[in-house]
Amino acid sequence: MPQATLLQAIHDALLEGMARDPRVILLGEDVGREGGVFRMTQGLMRRFGQERVIDTPLNEGGIIGMAIGMALNGMRPVVEIEFADFIYPAFDQIVSELAKMRYRSAGQFTAPVVVRTPSGGGIKGGHYHSQSPEAYFVHTSGLTVVMPSTPADAKGLLASAMGGEDPVIFLEPKALYRTVRGEVPEGEHRVPIGEARIARSGDDLTLVAWGAMAPVAEKAAGLAAAEGVSVEVIDPRTLWPLDIGTIVGSVNRTGRAVILHEAPRSCGFGAEVAALIQERCFLHLKAPVYRVAGFDTPFPYALEKSYLPDPRRVLAAVRAAMAF
Amino acid sequence: MNVARTEALDLHRKMGLIRRFEERAEEAYGQGKIGGFLHLYIGEEAIAVGAMAALKPDDDVVTHYRDHGYVLARGIDPGLVMAELYGKATGISKGKGGSMHMAAVDRHLWGGYAIVGGHIPLAVGLALANQYRNLPRVVTCFFGEGATNIGTFYSGLNMAAVWKVPLLAIVENNRYGMGTAVERASAVSDIYKKAACLNIPSVQIDGNDVLAVRDAVREMADKARAGGGPRLIEAKTYRFRGHSMGDPQRYRTKDEVEEAKARDPILLWRNFLLGNRIAEEADLRKISDGIEAEIETAVRFAENSPPPDPSELCANVLVAE
């Protein structure tokens, strides 16, 4: 199987999705001639034309609002928001309109829009180019929220998002765009929405992590193994609808859970996962469910490395859970 | 005279139907049968009716939240609309939308939207899809003058103009955004002038003259349909009732409202019909009687319909549920 970076895998999913379905349209700021701020869409305008790869005005709310209208009217828009931090001007369109179309019309219509956006830190971007907004969107019923961490999952989940009927917020861990490589199936490849991936099997503790934190979790699991602790790493891949069954199955076996994410700790998605675990695994738990997360601060520039969880911080939580 | 008798009487019937529908809704609201908010269109009926008379049945329509008039003007059964207001399972959206969110996809009615101006980019997207799919459909987007002060008005219409999509924006200038008069909220109170900054041709019309609305909409929609890019109509009108039920209306005098009622669009059209001998009093009475019966049936349908089953609560959140 050929190797690809996360970036190439997403590019391929876009290209193949467009080739398969003429209803698929890409739109965003500089996605056409410029090929996108991360060059994700390079070459697609040349291949598919200006009608299908649309350079939009600088207007996030307008882009997503327009994509909703296009989706209602039989098209499959895939929007790029240059950075997840720029999604807030479009927050109203996502929360008030996109998420509610199906419910408010009692199923008369739905808006199958895919909103792709690079998320998370790791590139010294400071507070407007580094945030992890997943909890806002999970909190908004009517949205599917996806965040892959491997090239194969990125390709397969984006293909599923583009082929599905529901609106999807597709968060791309930009720190991993060119830093992870992996085997990616050629041609049509789908990973089902709503199924977690067990990244590493283990018996003593369940570590849940997504996006750029998934490889951090795997490194931490390696460190723990050196101390004789067997850690199971679960990457939910789809944050909503969450595959809670896989997580519960694992925690009922290991009796311990640590949740890891980049976003600030308070009211982060980890809080929801922890709540679900304690509701469903209470009698199996041997230790409190711990969270390792970003700090409750705006995203820092110079102190980014201190802000982002690293394997040693995760290991400290693993040790605490084991010693409880 | 550029209106045939059948059409003239139909315009009259539709405006009267909306008026009586809303008067009955007002009663039901007072009796606690309709929940939440109720924004009445009374005084503005000529705009919905004139516009729908000009548009083709498969032209797409997106509206603001004062939206009962549009669905009725497009010929949706008033019973379905009343049942939606009552929150009944038989409503146009099974009681999941309510007053401000009337939608009927089979009639190309894409809904009323209650985040002011939020639907303008949606309308642009619907129009872009029509353009892409080579469908000869115009999208008409209705909003109030208050919506022209929010960013989506400019950002949405800018995109419409850049891509020359078949969009007709109709601004219903009823003078008040809730309780704030247009002069107090907008640096430009002749709203049609705002389109100039986006190179969008626009016109200001008397929104209480149903024929003027029909003719302007037909002309502007045809131009947008022919690939000429978006158009904007400012239809000047006046809201006879409060912003919503229970509005104390301290922002205007009773005299001002009474004066405006002299230009009631239904009264104007009635005078036109009688004055030009298009109809006699007896014809109009017959129409009124028909409306009464239709509304009565609608109310009875809403009253007798069951509420939604609790199992509906979690249905239609996601397709893949």
Answer with side chain, backbone, both or neither: which region of A:Gln108 has an atom nearer than 4.5 Å to a non-hydrogen atom of chain B? both

Please state whether the side chain, the backbone, both or neither of A:Thr110 comes within less than 4.5 Å of a heavy atom of chain B. side chain

In terms of heavy-atom pairs under 4.5 Å with chain B, the winner among A:Met75, A:Lys100, A:Glu165, A:Arg52 is A:Met75

Quick check against the 3.5 Å criterion: does A:Asp166 have a side-chain atom that pairs as donor or acceptor with the backbone of B:Val319? yes

Given side chains that start at C-beta, do those of A:Arg102 and B:Val317 come closer than 4.5 Å, heavy atoms only? no

Is it true that atom CD of A:Gln50 has more than 12 heavy atoms of other residues, nucleotides or ligands lying nearer than 6.0 Å? no

Rounded to the nearest 0.5 angstrom, the CG-CE distance for B:Leu122 and A:Met101 is 4.5 Å

Spacing of A:Ser105 atom OG and B:Leu109 atom CG [to the nearest 0.5 Å]: 12.5 Å

With side chains defined as the heavy atoms from C-beta onward, is the minimum distance between B:Tyr132 and A:Ile54 less than 4.5 Å? no

Got more than 12 heavy atoms from elsewhere within 6.0 Å of CZ, A:Phe91? yes

Separation between CD of A:Glu97 and NE2 of B:His119, rounded to the nearest 0.5 Å: 9.0 Å

Segment of A:Glu51 engaging chain B (4.5 angstrom heavy-atom cut-off): both

For the backbone of B:His101 and the side chain of A:Arg104, can you confirm whether one donor and one acceptor N or O come within less than 3.5 Å of each other? yes

Shortest non-hydrogen contact from B:Pro121 to A:Gly62? CB-O, 3.8 Å

Which bit of B:Ala123 is near chain A, if near means a heavy-atom gap under 4.5 Å: side chain, backbone, both or neither? neither

Measure A:Leu27 against the heavy atoms of chain B and call it side chain, backbone, both or neither at under 4.5 Å. neither

Which portion of A:Leu143 sits near chain B, non-hydrogen atoms under 4.5 angstrom: backbone

Would one find more than 12 heavy atoms of other residues, nucleotides or ligands at under 6.0 Å from atom CZ of A:Arg46? no

For chain A, which of B:Gly112, B:Gly91, B:Gly95 has the most heavy-atom pairs under 4.5 Å? B:Gly112

From OG (B:Ser155) to CG (A:Leu58), nearest 0.5 Å: 11.0 Å

Please evaluate residues B:Leu128 and A:Met66 with respect to the criterion side-chain contact (heavy atoms from CB on, under 4.5 Å), reporting the C-alpha separation (whole Å), side-chain torsions for both, the decisive distance (0.1 Å), and the verdict. CA-CA 8 Å; B:Leu128 191 74; A:Met66 194 175 72; 4.1 Å; yes

N/O donor-acceptor pair under 3.5 Å between A:Tyr103 side chain and B:Ala315 backbone: no

Where does B:Leu157 contact chain A at under 4.5 Å (heavy atoms): side chain, backbone, both or neither? neither

Examine whether an atom of A:Pro112 lies under 4.5 Å from a heavy atom of chain B, and if so say whether it belongs to the side chain, the backbone or both; otherwise answer neither. neither

Would you indicate whether A:Arg33, at its atom CZ, is surrounded by more than 12 heavy atoms from other residues, nucleotides or ligands within a distance under 6.0 Å? no

Whether the side chain of A:Asn73 engages the backbone of B:Ala129 through a donor-acceptor N/O pair (distance < 3.5 Å, no angle test) should be reported. no

Checking heavy atoms, do the side chain of B:Glu312, its backbone, both or neither come under 4.5 Å from chain A? backbone

Heavy-atom side-chain contact between A:Gln93 and B:Ile115 under 4.5 Å: no

Distance (rounded to the nearest 0.5 Å) between A:Ser141 OG and B:Leu318 CG: 8.0 Å

Which answer fits B:Asn158, side chain, backbone, both or neither, if we ask what part of it has an atom under 4.5 Å from a heavy atom of chain A? side chain

If you count heavy-atom pairs under 4.5 Å between each of A:Leu72, A:Ile25, A:Ile68 and chain B, which one has the most? A:Leu72

In Å and rounded to the nearest 0.5 Å, what is the OH to CG distance from B:Tyr154 to A:Asn59? 14.0 Å

